[in-house]
Amino acid sequence: MKINIIGGGTSGWWTAGYLRKNHPDVEITLIESPNIETVGVGESTMPNVRAFFEELNIPEEAWIKSCSGVRKEGNVKTNFNYVGDEPYNFMFIHSGFDEWYEKYSRGEVDKFSVYDLYDPDDWRGYAYHIDAAQAWQIVKEYTKDIKHILATVTRDELPEADLHIDCTGLGRHIIQDKTMYTYPDTLIDTCIVRRIEEDTKNYSETVGRDYGWDFNVYLSDKRVGCGYVFDSSKLSIDDAKKEYMNNNGHRKFLTDFRVLKWEPGRLKTPWQDNTVAVGLSVGFVEPMEANGLSLLIHQIKTLSKVLNKPNREKIYNRAVIKVFDEVADFIWHHYACTSRSDTSFWKHYAELDGKTTLLQRIQNNTNLKQNLYPSYVYAYLAIYYGIPNDKKKVDK
Ligand SMILES: Cc1cc2nc3c(=O)[nH]c(=O)nc-3n(C[C@H](O)[C@H](O)[C@H](O)COP(=O)(O)OP(=O)(O)OC[C@H]3O[C@@H](n4cnc5c(N)ncnc54)[C@H](O)[C@@H]3O)c2cc1C
């Protein structure tokens with residue numbers, strides 16, 4: 001089988017590395033533009049990044065250094081419930097959480113005592129902050145025996161192949177039907193991002209702002225990927241920059257702002273005939289909860305599993321869409337449980353009822369081995385939003 005991978009960012013090279021390892025007989029050509037830059041904002045990740053590199057046989061000490069990586073224990077949120085609410089660290093806690101949550105629901109322990117359960121040695125006990133603009137380079141070094149072409153191509157110029165993998169990012173230059181499925185109430189569609197110099201932290205930070213939220217992702221070389229993601233129908237880029245600087249002007253900036261825009265959602269059909277989208281070309285909801293690279297890894301592994309199956313297109317589309325929709329649902333709950341109504345952005349969400357479905361998600365008792373977002377992850381949100389876990393009030 002001959003495969004073209006078009007795009008050389010994280011999606012292109014991670015896909016090339018994984019397919020090379022798992023399908024040694026496939027002929028792979030990777031075509032990347034020397035002119036179109038990759039996305040790399042300072043990415044906060046989920047724990048599956050570690051397992052992915054293990055599968056590629058690239059040792060942690062090698063890859064973590066190559067992309068200024070830092071082990072991440074959690075994500076601290078504030079200002080999503082109300083302005084000035086108490087920062088709460090959403091840590092990677094698995095063992096003991098359910099028992100603790102029962103006690104918490106009975107009022108026997110306070111919400112901060114959950115931190116005592118944190119164990120970095122637990123299964124999936126940590127993830128990473130990485131620079132995605134660098135995270136593909138080590139995979140490129142380890143990936144041998146592929147043809148590499150530097151060129152900006154259109155679909156008509158592609159070398160003959162059985163399958164084209166569109167890794168061209170938000171531009172989606174290869175996939176033909178670009179019809180998107182969008183999620184109701186997903187408003188964030190723009191990011192202004194810049195780099196700051198500050199000491200490293202092992203947790204990322206997300207701070208609710210007037211029309212979205214600020215993020216800080218700390219890298220090992222004292223660079224911080226930081227910026228403001230917001231709803232561009234309510235706030236101009238210039239006003240976003242002003243608001244950002246009002247809140248962060250005291251910090252030491254290394255770069256000017258870069259602006260990134262996307263249509264929140266996913267392709268209706270990620271695999272179409274002999275072309276499959278992987279990475280940002282499939283879509284992007286928004287950066288909340290570090291989902292981008294996690295979705296990418298899911299897509300790469302799914303593609304690899306189904307590559308030789310007769311109904312590969314159908315399985316891939318079903319699996320990719322399911323996980324994307326779960327991500328969008330989880331993100332929706334981050335806004336739809338708010339008590340804020342201080343701007344038109346938050347008022348929109350304050351009028352939604354996220355609490356009822358949040359409690360349903362918790363009480364469905366799902367576990368992490370079978371679900372992208374198990375019950376306890378939703379329980380964490382309920383704790384942050386001060387939503388009592390009163391089982392009697394909720395229909396399953
Ligand atoms: C604002 C923002 C914040 C994010 N935050 C996070 C986060 O915190 N955590 C997380 O996990 N993920 C995050 N992501 C997602 C993450 O950055 C991406 O999933 C990841 O970088 C992969 O991007 P990509 O390789 O699909 O696309 P890109 O990085 O855009 O790469 C596209 C590649 O295609 C090439 N190309 C484009 N057109 C052509 C052409 N015509 N011919 C040849 N080559 C071409 C380009 O040169 C480039 O090599 C974020 C994304 C955005 C936009």
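None of these values were measured; they are calculated from a predicted model. Each ligand, and each atom within it, is numbered from 1 in the order the structure gives.
Taking a 6.0 Å sphere around NZ of Lys178, one finds it holds more than 12 heavy atoms contributed by other residues, nucleotides or ligands.
Given atom 46 (C) of ligand 1, the protein heavy atom at minimum distance is Ile36 O, 3.4 Å. For atom 42 (N) of ligand 1, the closest non-hydrogen atom on the protein side is Val153 N, 3.0 Å. Here the heavy atom of the protein found nearest to atom 44 (N) of ligand 1 is Ser33 N, 3.0 Å. Here the protein heavy atom with the shortest distance to atom 27 (O) of ligand 1 is Gly169 CA, 3.5 Å. Closest to atom 28 (P) of ligand 1, if we only count protein heavy atoms, is Val39 N, 3.7 Å. The nearest heavy-atom contact from the protein to atom 38 (N) of ligand 1 is His173 CD2, 3.2 Å.
Taking 4.0 Å as the cut-off between side-chain N and carboxylate O, Arg172 and Glu263 do not count as a salt-bridged pair. With respect to the salt-bridge test (charged N to carboxylate O, under 4.0 angstrom), the residues Lys21 and Glu55 do not qualify. Ion pairing between Glu326 and Lys322 holds under the 4.0 Å rule for side-chain N and carboxylate O.
Taking a cut-off of under 4.0 Å to the non-hydrogen atoms of Val41, the atoms of ligand 1 that pass are 3 (C), 4 (C), 5 (N). Atoms of ligand 1 lying under 4.0 Å from at least one heavy atom of Cys191, given by number and element, are 1 (C). Contact atoms of ligand 1 toward Cys167: 32 (C), 33 (C), 34 (O) (distance under 4.0 Å to a heavy atom of the residue). Close approach of ligand 1 to Leu280 (heavy-atom distance below 4.0 Å) involves ligand atoms 18 (C), 19 (O), 23 (O), 26 (O), 27 (O). Residue Gly8 approaches ligand 1 through these ligand atoms, each under 4.0 Å from one of its heavy atoms: 33 (C), 34 (O), 48 (C), 49 (O). Near Thr38, meaning under 4.0 Å from one of its heavy atoms, ligand 1 places the atoms 29 (O), 48 (C), 49 (O).
Residue nearest to atom 12 (N) of ligand 1, selected from Ala132, Gly292, Ser294: Gly292 (by heavy-atom distance). Relative to atom 11 (O) of ligand 1, the option among Asp189, Leu296, Leu293 with the closest non-hydrogen atom is Leu293. Ranked by closest heavy atom to atom 43 (C) of ligand 1, the top entry among Gly7, Ala151, Gly40, Ser11 is Ala151.
Residue pairs meeting the ring pair (Phe, Tyr, Trp, His ring centres under 6.0 Å) criterion with at least one member in residues 281-302, sequence neighbours excluded: Trp262-Phe284. Among residue pairs with one or both ends in residues 69-79, those qualifying as salt bridge (Lys or Arg N to Asp or Glu O under 4.0 Å) are Glu60-Arg71, Lys77-Glu289; sequence neighbours excluded.
In Glu43, the parts holding a heavy atom less than 4.0 Å from any atom of ligand 1 are both the side chain and the backbone. Here Phe284 has side-chain heavy atoms under 4.0 Å from ligand 1, and that is the only part of it that gets that close. In Ser281, neither the side chain nor the backbone holds a heavy atom less than 4.0 Å from any atom of ligand 1.
Between Trp100 and Ser113, the side chains place a donor N or O and an acceptor N or O closer than 3.5 Å (distance only, hydrogens not considered).
Residues Pro34 and Ala151 approach most closely at CD-N, 3.8 Å, considering heavy atoms.
The closest side-chain heavy-atom distance from Glu286 to Trp213 is below 4.5 Å.
Every N/O-N/O distance between Gly279 and ligand 1 stays at or above 3.5 Å.
Using a 30° and 60° split on the angle between ring planes, Tyr228 and Phe230 fall in the tilted class, from 30° to 60°. The aromatic rings of Tyr115 and Phe112 sit perpendicular to each other, their planes meeting at more than 60°, with 30° as the lower class boundary.
Residue-ligand proximity: Ser44 is placed with a non-hydrogen atom under 4.0 Å from ligand 1. Residue Thr152 places a heavy atom under 4.0 Å from ligand 1.
Figure legend: cation-pi geometry between Arg266 and Phe324 absent, as NZ or CZ is not positioned both under 6.0 Å from the six-membered ring centre and within 45° of its axis.
With Trp14 as the partner, the ring pair (Phe, Tyr, Trp, His ring centres under 6.0 Å) test is satisfied by one option alone out of Trp63, Phe53, Trp136: Phe53.
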